[in-house]
Each structure stands twice: as structure tokens, then as C-alpha cells.
2 protein chains.
Amino acid sequence: MEIRELRYFVAVAEELHFGEAAQRLGMAQPPLSRAITQLERRLGIALLERTSRKVTLTAAGDVLLAEGRAILSAVTAAERRTRRAATAHPSLVLAVKSGTAGELLTKLLDAYAAEPGAATVELLLCEAHQHQLLLQDGQADVALLHLPFDSAAGLDTETLYTEGQVAILPASHPLASRSQIRMADVTTLPELPMARWPGPSGSYPEGPGAEVRNLTQLFQLIALGRTTVVIPESASADLRRDLAAVPVLDAPPVATAIAWPPHSRLRTVADLIRVATRL
Amino acid sequence: MEIRELRYFVAVAEELHFGEAAQRLGMAQPPLSRAITQLERRLGIALLERTSRKVTLTAAGDVLLAEGRAILSAVTAAERRTRRAATAHPSLVLAVKSGTAGELLTKLLDAYAAEPGAATVELLLCEAHQHQLLLQDGQADVALLHLPFDSAAGLDTETLYTEGQVAILPASHPLASRSQIRMADVTTLPELPMARWPGPSGSYPEGPGAEVRNLTQLFQLIALGRTTVVIPESASADLRRDLAAVPVLDAPPVATAIAWPPHSRLRTVADLIRVATRL
DNA sequence: TGCAGCGATACCTGGTCGGTATCGATCTGC
DNA sequence: GCAGATCGATACCGACCAGGTATCGCTGCA
């Protein structure tokens, strides 16, 4: 199996249409058909069911689609990382969800900078769930993320610390003066539906709450009395004066973790992880 | 970058000798030289430093070696999994370190077998640290392993339960009658050096203790008064009569976890994991 | 029934993969 | 210090295969 064949198969499996897949690949349709047929013959397996009107995946094709995508991104990651390793200046790209771990991040960067042989750390601010892609295709070397919210599938992680969660409410809201509340208290407010974050696919779950992408948007909507949210305690540092944070007793604890691709051989990554776990 | 080129590069990078690499690949040396040169030219990066007497890896080459190995095993895994998915009978290969999780394993298999649509579960008994390879190259679908002993780098895991550790001693040993001991008590016995297990690379760490590969060997050597060991409590069920297990208070807790490759799309794997976490 | 859409097939051309022969450099031993 | 051995690079060649165009055959639809 060659990368080229995988790229072809993934394109066809995603488009489920030879002509459009060929166009996306910048080639003519006949060689694409032939390449797929040959791949199937070499594997001895049918990957696609085709009539002259419709193309569908077989069970085997479904598996190969998932595997193939992973391999393709691993290949582009390999190229990127190799290229990076060849440049003289050792640098390190750290992906951080904007608004995450303010104080921890400062301490981490300071502590790492004090290490002998520390590389320049580039910060790559990203949106929720984007870490994984960035690490997987080699655009980032390390990431800070929140478990169990951010998926760390296929990554190695080390938990740095855990914390409780707080509900963010308009300062004038009746619950805002409470010293602590429970999940049930905030999830059942009809006038303040919980804000919705985009899922791993980038689409929003169904629900009445506002759709938000970052903390600024979120805080503005909460101040306007349109929504509320339960977030890790540390994300509520330096809150606007018109908002209040109330600890939610039974919200699941959130871990801030450092994550890296499992086969990383970069000394700089190992150093950063070591420093982080010692904080 | 093509798989073929990666395979060539990994061979050369491992042998550090074009001639032997070519032999291992079953080809002549000149086309191999040319393929590597072309790969370097396309990447625009030197991967190898060669004099006519010695070949060494550049920093970039070192990175690509690690990435390349991962990609190659991902490719063979993809082929194997695709082929498996094409067979009519859905089956599931579960890798278990021999001697692990006796009771838990029974319960898991029973519970899974009771699921609607359960696949036939094949057990693949393996030695320490082998799980990872088996999962990575697609020979197994799921594994039971012990954290933090077995590395789960690049795998997704779910912890099933945690337990303490016990020291295994000859029944006649003075410490054997104690109800509990500490690590310091067993690590400092000059007449009973701790047994050594093979590391992830397959080689044994330095030390005075006996080299062992499995529990049978181990127990025999302990009974003979040659060594001792600290292992998870559950592994000491049904101990020989001439051995004793003593809880070690300050030994790190051991988690038995179920692990699977991060991109697994098999419904059967998802089912097994769900059943396992509910146990 | 005729047409449009789509994948498969037939056929051609150029690139490239892999082979053999050989060169040039470097290390070794007498 | 020189001859031979070792090893990677280069030159050249044949076979294969990737990719292109033209066209066929099937299928759903008006």
C-alpha cells in the first residue's frame, strides 16, 4: 500500500464519487478508477460497492478510511517535524486554548526558559478541540488542554493539576450571592439556558443556549443575561465586575494536562514536560 | 513522501549502512542510494551525513526515523485491520499479559458475551510490553495492561480498577509473617535482590536480581530463595504454598486498564470497552 | 425511448524504478 | 607508502506503471 493510493482512496471514500474525487485530486477519473481497483486487488478486498449510479463503502472500506486519514495526517506531520528539526534554531510550538491556565502558563514558560538549553517557545493560540489536529499533523509540539473536555485520543498526557468548576452568572442574579450551588441549580434555569460550545466536529450540540466560541463572547452574553455556563475555576480569574463566579459543588473536576504526540523524540519537548510536571 | 521511500529510509537509518540496508530490502545498493538522495532533495533536507566509510543520522534524520517507524507500523496495522473487517465473522483480539487480571478477565468476557451482537473474542497471551506493538501493528484490537508499568504511549486507555501491591517472599522468610511492610524493607535485603523484568526494549536493567520473563519462573526463583519481587495484589491469587504475599504499604498503586488504538472504528471494540467500564 | 451521468476499458506516452557496470574516496595491513 | 578492500555515488539501460485522452456500457429519468 502506498501513500498515493491511500490519498486516492480517502478522497473517493469521502466524496463517494469518482469524478469529484478525481477533480479534488487534480487528475482524470480513469486513472483514479484504475488505482482504486488495483488497491482492492492487491489487498484482495472490496473497499467500495459501485453501481453506475452510486458508490458506497464496504465495512472494510470504512475501516480503511479511518486508518487512512490517520496515516495521511501522520505523514504530513512527519514531513513538518522533520523540516522543523532541520532548522538551526530549536523552537517549540505550544498550543493553548485561548483563555486557559493563565497563571500556570506564565509559571511554566518562566520555569522552562530558566532551563539550560531551552528552546524558543512559540505560543499557538487555538480554539476548543483544535489541539488534537495541531499535534496530529505536526503544527504543534505540545499542548495544554482540559480533561475530560478536550479529547486526548492518541496523545500522551500528564496531568498538571485539577480544580473545581464555577458557574458564571450576572452579578445581579439571585444565585450570584450564594456561596456554593449544585449543577441542578444552574441547568434548570429557563431564563438562563447553558451556553453551547462547538464539539470536536466543529458543530454545536442541539439546545436552547447561545452558541459561543471563546470567553469574551461568553462573558458578554452572560452579562447581558442571555446565558450562563459552568467552567473551570481558573478561567474565571479577573472576572468582569458585572459577573459573579459561584462554586458548583457537584460539577466534575477538571484537569489541566500537558499533551504531546506519542512518538515525540524532541529533547525540547521532553524538557518542557519534565519542567511542567515539577511545577 | 511515499511509503516505499520511508521503508527505504528506515532501513538505512537503522543499519547505517547502504549495502546492508539494500540487502535487507532485497534490492541492489545503487537504486537505494538514489532513492534516499531523491527523498532528501524533495524534502530539501539532509537526513544522513555520509562519508565513504561512515553513515550517521542528522537531527532531522533522527526525527524522521521515529516518525517513519510509527507510520510504517500504522500502515501494516491498517492493512491487517482492513482485511479483518472484510471477513464475515466479526471477531475481536484481546491481548492480555499472561497471569494478569484473572477474575476481572473472566467477568469481562462473560459480560461481553452476554451483549447482543457480541463478536468472538480471541485471547492473545503476550509478554510484558508487547501489548503496545500488538495494538500498533494491528495484531490485536484491545489490550488489558497495568499502569504505570506498561507504557500506553499512543493508546487510549480507560482504567478499570486500582489495587495495592504485595511483596512475594519465601514462606520461611522472616518478613513473610509480617502483616504489612514498606518498600525499604524489601529493596534492602542483600540476600534477596529484587527480580528484574525486561524493559520496553526487551533488555534487562542492570542489577543483581534474577532476570525473569513470567510469573512461573519468578515464583520458582522466589521459592528457591534467590530473589523477591513486588507485584500487584491480584497477581498473587492462588499462590504456591511455599510462598507468602505481604502488602507493601508505600508501593505505588497499580491500575488495570483497557487500552485500544486511538482511531479504532470497530463497533465490537467500542462495545467491549463499554462493558468493561461498567463492570 | 432517448439522453445525461457515471464508472470501466482501451490505448498511448513519459517518467521512474530497479538492475549492472564502474568510479572515486577512504581505511587497512604489509 | 602502496595495494587491496570497502563503500557510497554515478552512468546507463530496460521494463513497468502512472497518468492522459477517447470511448464504451450501464442506469436512472424525462
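Within every chain, numbering begins at 1; the chains are lettered A, B, ... in the order of the sequence lines, protein sequences first and strands thereafter.
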### Query
For DNA chain D, whose closest nucleotide is more 5', that of A:T51 or that of B:T51?
B:T51
### Query
Across the strands shown, which category fits B:R4 at heavy-atom distances under 4.0 angstrom: base, sugar-phosphate, nothing?
sugar-phosphate
Checking contacts here: which listed nucleotide ([options]) is nearest the side-chain heavy atoms of [X]?
{"X": "B:Q38", "options": "D:dA22, C:dG18, C:dC17", "answer": "C:dC17"}
{"X": "B:S33", "options": "D:dA9, C:dG7, C:dT20", "answer": "D:dA9"}
{"X": "A:P30", "options": "C:dC11, D:dC7, C:dT9", "answer": "C:dT9"}
{"X": "A:A28", "options": "D:dC12, C:dG7, D:dT21", "answer": "D:dT21"}
{"X": "A:Y8", "options": "C:dG18, D:dA9, D:dG19", "answer": "D:dG19"}
{"X": "B:M27", "options": "D:dG19, C:dG19, C:dA8", "answer": "C:dG19"}
{"X": "A:F18", "options": "C:dG18, C:dA8, D:dA18", "answer": "C:dA8"}

Taking the side chain as every heavy atom from C-beta outward, state whether [X] and [Y] have any pair of such atoms under 4.5 Å apart.
{"X": "A:R81", "Y": "A:S264", "result": "no"}
{"X": "A:D271", "Y": "A:R267", "result": "yes"}
{"X": "A:R69", "Y": "A:S73", "result": "no"}

### Upstream residue (5' side of DNA chain C) when A:T37 and B:Q29 are each assigned their closest nucleotide
A:T37
### Summary
In this structure, CG of A:L135 is separated from CG of A:D141 (nearest 0.5 Å) by 8.0 Å
